[in-house]
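Heads up, the thing below is written out as structure tokens.
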Amino acid sequence: MIYRNAEVFIDGQFRICDFEVLDGKFAAIGNPYLPEHEDEIDLDGHYVIPGLVDVHTHGSMNADFSDGDYEGLKAMAAYLAKSGVTSFAPAGMTLPYETLAAAFASGKRLHDECPAGCARLMGIHMEGPFFSEKKKGAQNGAYLRDPDFDAFQKLYDGCGGLVRIVDVAPELPGAVEFTAKASELATVSIAHTDAAYEEAVAVLDAGATHLTHLYNAMPPIHHRKPGVIGAGSERDDVIAELICDGYHVHPSSVRMAFKLFPGRICLISDSLRCCGMPEGKYELGGQDVFLKGGVARLEDGTIAGSASNVYTCMLNAIEYGVPKETAVAAATITPAKEIGADECIGSIAVGKYADFIICNEELKPEKIVLGGKEL
């Protein structure tokens, strides 16, 4: 099938061109046009972007990755696909290792089976348990642990190496040593931390290259205490996640983040099981969560994850003044690179999976195509 006359997002910009889909992958891209073909669709100037990638989502549709329930994980993946998020790396929680192992096993099964109509599970994000008590946020403090490489490796091996991001608080005992070893296997991210600048630098020097949900669960920027944010912003290899749901981060701080980390923002949802669900009481890591007015909070008022998907977060970023091209890259190729999957997802390029969204000029989705098949 050849798709003609579209504003296609390629190499960081939109340009009119044709593209061909064959056997579920992009087979050719016109510059701008391809030869005539018997099977053609004229997109009449519509915009086309790659399927989005979310590397930090806990749940949706009343299912949570940490449940370890395969059918629930499939429901999450189906919801994501229909939302324009065609690949993902679900995030665990601060929970017992055996609970995480069961969840990771269900993730491996979804990755291996890749059911029709479901977003592709391209990795796992191990968020916890190596966190600071002071900045645990909505994580369950009962299961916090100091960095433990042997425990991490056991979980990593148990799911066939699908853990692509692992989080750590730099101030914990053994964080530097853990980072040096774990960074050989996965992207190491600084998260849920009260670390000073110097502590963050030590872990970055050891191999960390990622910040989990920038601003949230970390010290704010201070002119005499630049902290984690200052340390990460100085390094061209550090990517910062950003929750752009309209509640976690003020629009001005969203714009600031894109300037502090130019080309290095990774939009995420950090969505919970209440995503896609009505207001009410839900569960997160053994704790009650209450969704009201679009915000999910613990009983004590602590803001938890979001009730948004990353497509909504991308549109919010654009609404806040982030250029379209910058926002699309932050939700596609940047997260794909962070989980080492950019050779097959994250952009419209020959040989990659034909996962794409046909949108209007405001990038609101009109048709979603997964593996060359319209959902």
Side-chain angles (χ1 to χ4, degrees), residues 51-129 138-140 143 155-156 158-160 162-165 167 243 245 268-291 294 296-298 304-313 335 339 355 368 370-371 375:
L52 271 55
V53 182
D54 192 352
V55 299
H56 191 154
T57 169
H58 294 281
S60 56
M61 302 306 292
N62 205 25
D64 189 301
F65 174 55
S66 294
D67 294 343
D69 176 59
Y70 182 68
E71 292 303 318
L73 186 57
K74 277 179 64 177
M76 285 174 54
Y79 165 81
L80 289 171
K82 291 175 183 176
S83 302
V85 184
T86 55
S87 297
F88 72 121
M93 289 285 293
T94 295
L95 291 164
Y97 292 134
E98 57 268 25
T99 302
L100 295 177
F104 292 6
S106 71
K108 185 178 188 307
R109 180 181 171 189
L110 190 74
H111 169 80
D112 293 347
E113 295 184 2
C114 197
C118 290
R120 306 175 192 279
L121 192 149
M122 300 299 292
I124 291 170
H125 185 153
M126 186 172 166
E127 190 190 14
Q139 301 281 334
N140 193 328
Y143 303 113
L155 288 165
Y156 178 92
C159 63
L162 268 180
V163 178
R164 304 314 309 143
I165 301 175
D167 293 357
I243 308 171
D245 64 343
I268 62 164
S269 68
D270 197 13
S271 64
L272 308 181
R273 68 169 74 244
C274 56
C275 178
M277 299 293 291
E279 291 190 349
K281 178 180 174 181
Y282 296 91
E283 183 270 345
L284 176 69
Q287 305 172 98
D288 289 336
V289 169
F290 301 87
L291 176 64
R297 299 182 184 274
L298 299 182
S306 84
S308 296
N309 61 63
V310 81
Y311 205 110
T312 298
C313 293
I339 56 172
D355 303 337
I368 297 164
L370 178 63
L375 297 181

So Leu121 and Leu162, do their side chains get closer than 4.5 Å, heavy atoms only? yes
Backbone N or O of Asp64 within a donor-acceptor pair of the His58 side chain at under 3.5 Å? no
Apply side-chain hydrogen bond (donor to acceptor under 3.5 Å, both in side chains) to Ser60 and list each qualifying residue two or more places apart in sequence or on a separate chain. none
Between CD1 on residue Ile268 and CG on residue Asp54, distance to nearest 0.5 Å: 7.0 Å
Atom SG in Cys118, atom CG in Leu375: separation rounded to 0.5 Å? 9.5 Å
When every non-hydrogen atom of Phe65 is compared with those of Met76, the smallest separation belongs to N-SD, 3.7 Å
Among residues at least two apart in sequence or on other chains, which ones pass side-chain hydrogen bond (donor to acceptor under 3.5 Å, both in side chains) with Arg273? Asp67, Glu283
Would you please name every residue forming a side chain to side chain contact (heavy atoms under 4.5 Å, CB included) with Cys274, sequence neighbours left out? Leu272, Tyr282, Leu291, Ala296, Ala307
Partners passing side chain to side chain contact (heavy atoms under 4.5 Å, CB included) against Thr94 (at least two apart in sequence or in another chain): Pro129, Phe131, Gln139, Tyr143, Leu144
Any residue meeting side-chain hydrogen bond (donor to acceptor under 3.5 Å, both in side chains) with Tyr70, in chain and number order, not counting sequence neighbours: Glu113
Grab the two heavy atoms, one from Ser308 and one from Cys313, that are nearest each other, plus how far apart they are. CB-SG, 4.3 Å
Any residue meeting ring pair (Phe, Tyr, Trp, His ring centres under 6.0 Å) with Tyr156, in chain and number order, not counting sequence neighbours: Phe152
Locate the shortest heavy-atom distance separating Gly128 from Asp167; write the atom from each residue and the value. N-CB, 4.3 Å
With Asp355 via salt bridge (charged side-chain N to carboxylate O under 4.0 Å, His left out) - residues at least two apart: Arg120
When rounded to the nearest 0.5 angstrom, what is the spacing between CG in Leu100 and CG in Leu155? 6.0 Å
Please identify each residue that fulfils side chain to side chain contact (heavy atoms under 4.5 Å, CB included) with Glu71, with sequence neighbours left out. Asp69, Lys74
Sorted by chain and residue number, the ring pair (Phe, Tyr, Trp, His ring centres under 6.0 Å) partners of His125 (sequence neighbours excluded) come out as His56
Looking at every heavy atom in both Pro335 and Val55, which two are closest together, and how far apart are they? O-CG1, 3.6 Å
Return the set of residues passing side-chain hydrogen bond (donor to acceptor under 3.5 Å, both in side chains) with Ser271 (not counting sequence neighbours), or none when no residue passes. Thr57, Ser269
Between the CE atom in Met93 and the CG atom in Asn140, the distance rounded to the nearest 0.5 Å is 7.5 Å
Would Val53 and Val85 count as a side-chain contact (heavy atoms from CB on, under 4.5 Å) if you check the C-alpha gap in whole Å, the side-chain angles of each, and the deciding distance to 0.1 Å? CA-CA 6 Å; Val53 182; Val85 184; over 6 Å; no
For the OG atom of Ser306 and the CD1 atom of Ile243, what is their distance to the nearest 0.5 Å? 6.5 Å
Across all chains, not counting sequence neighbours, the side chain to side chain contact (heavy atoms under 4.5 Å, CB included) partners of Leu298 are Ala138, Gln287, Val289, Asp300, Thr302
Answer whether the closest heavy-atom distance between the side chains of Ile339 and Ile165 falls below 4.5 Å. yes
Answer yes or no: is there a side-chain heavy-atom contact under 4.5 Å between Phe88 and Val310? no
Taking all non-hydrogen atoms of both residues into account, name the closest pair between Pro90 and Gly123 and its distance. CD-O, 3.2 Å
Which atom of Ala119 lies closest to which atom of Ser87, heavy atoms considered: CB-N, 4.1 Å
